[in-house]
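Treat the numbers as computed from the prediction; the structure is a model and nothing was measured. Numbers restart at 1 for each chain; the letters A, B, ... are given by sequence-line order, proteins then strands.
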Amino acid sequence: KHGYAQLVRSCGSPRDLQRAIAIHAQIQASQFRHDRFLANLLVEMYGKCGSVADARRVFDSIPDPNKFSSTLMIAAHSQHGQIVQARELFDRMPEKDTVTWNGMARAYAQQGHLSEAKELFDRTPRRDVISWTTLVLYFAHYGRLEESWRSFHRMPKRDTMASATMVAAFAQHGLVEDAKSLFDGLPEKSLVAWNSLVQGYVQGDLDEEATAMLERMPEWDIVSWNTALQSYVDLCDFDRARDIFRRIPERDTMASTAMIQANGQSGHLDDARRIFEEINFKDLVSWATVIVAYANNGKILEADEMFKKMPLWNLWSSTSMMGAYAQRGNYSEVERMFASIPDRDVICCNLMLECYAQDGKLKDAVKIFERMPKHN
RNA sequence: CCGUGAUUGAGC
């Protein structure tokens, strides 16, 4: 049973879905077919692997779901934006505990339904540090820093994560002074708080302060390395970026993606491509980044080749490819791609708008402008 | 034996 549990837990992302299905089948064929503990883990697994439908099927097959089952199912629904289904389950649960309440509040908050989240928070019977941290995080995330800070202040007990959340909130909103003074007063300074502060300095173009903090840090984790790397990439300082990249002990996909970008900026397309090929887990972002690197250097054929090779397209990858055609002035291809994108956002529409404008197609430009879901 | 919270990468 613990062997199965381990197997199930090893599937944590959509790329594991095939294996997940196989493991599920194996459990079905075993003596643990009706085991609730394993079923709960399967619900969680399918949620993480991106198949809510399968998660729900497993959940519905549990004769006597316990609160773990339900809380996991709520999480699966909300991870996929199915807040109504999540709430339905939540309302039907006989025994809810703090974890359940926190999970439901977070589901609302993530979707930007902050008043619903706050209402749930207010009704939570035994609020804990996580309930409060969720408020701090999402108020900040949606730019409501006053309320974020007030929640932080009203917290009866703060822990390291709560404090780090607040430091990051300040840093991300250009309030790096406030971030710093909060940070200085912290009894326990987590690496996350250090990293957030450095990112605040980088964002504020305070490079000396950022460097000073990086040097004073007790240790670096992969995020620290990537933060340093990305700051040089943003400054188009290829040599320092490469130096950092080479010194990273264990590079992840984000590090490689940043370095692909750096190589693209400097026209080193072969190096960009080599780093891309060496990535173990190529994701949509790394694919899109190579495409942009090729496009920015006028290599439309290579960009197109990569685009066609991608295992999966999303809005960002398609918009990147549209941008590649736009650069070459191939407006008919831009138009064709635009038409094929179902979930266009502002950036995508702006790009189309700009192409029509460049192309002198004023009427089409006006039409796009008027039909855009949002303007900026 | 199972459930909730923090920091890093791409497109106009």
Taking only residues two or more places apart in sequence, or in another chain, which ones meet [X] in a salt bridge (charged side-chain N to carboxylate O under 4.0 Å, His left out)?
{"X": "A:Lys308", "value": "A:Asp304"}
{"X": "A:Glu250", "value": "none"}
{"X": "A:Asp343", "value": "none"}

Practice task
Could you run through nucleotides 1-6 of chain B and give me one letter per nucleotide, 5' to 3': B if any protein heavy atom sits under 4.0 Å from the base, S if only the sugar-phosphate is that close, - if neither?
Solution key: BBBBBB
Practice task
Please indicate yes or no: is the ring centre of A:Trp287 less than 5.5 Å from the centre of the six-membered base ring of B:rA10, with the two planes inclined by under 30 degrees?
Solution key: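 Aromatic stack with B:rA10 absent for A:Trp287.
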Can you list, in residue-number order, the parts of [range] that come under 4.0 Å of RNA chain B, counting heavy atoms only?
{"range": "residues 338-347 of chain A", "value": "A:Asp345, A:Ile347"}
{"range": "residues 213-226 of chain A", "value": "A:Val223, A:Asn226"}
{"range": "residues 304-312 of chain A", "value": "none"}
{"range": "residues 255-270 of chain A", "value": "A:Thr257, A:Gln261"}
{"range": "residues 360-376 of chain A", "value": "none"}

Who are the side chain to side chain contact (heavy atoms under 4.5 Å, CB included) partners of [X], not counting sequence neighbours?
{"X": "A:Asp270", "result": "none"}
{"X": "A:Val8", "result": "A:Ile23, A:Ile27, A:Leu41, A:Leu42, A:Met45"}
{"X": "A:Leu284", "result": "A:Met310, A:Leu312, A:Asn314"}

Exercise for the section: Would you classify A:Ser286 as touching base, sugar-phosphate or nothing, given that sugar-phosphate means primed atoms plus P, OP1 and OP2, and contacts are heavy atoms under 4.0 Å? Expected result: base
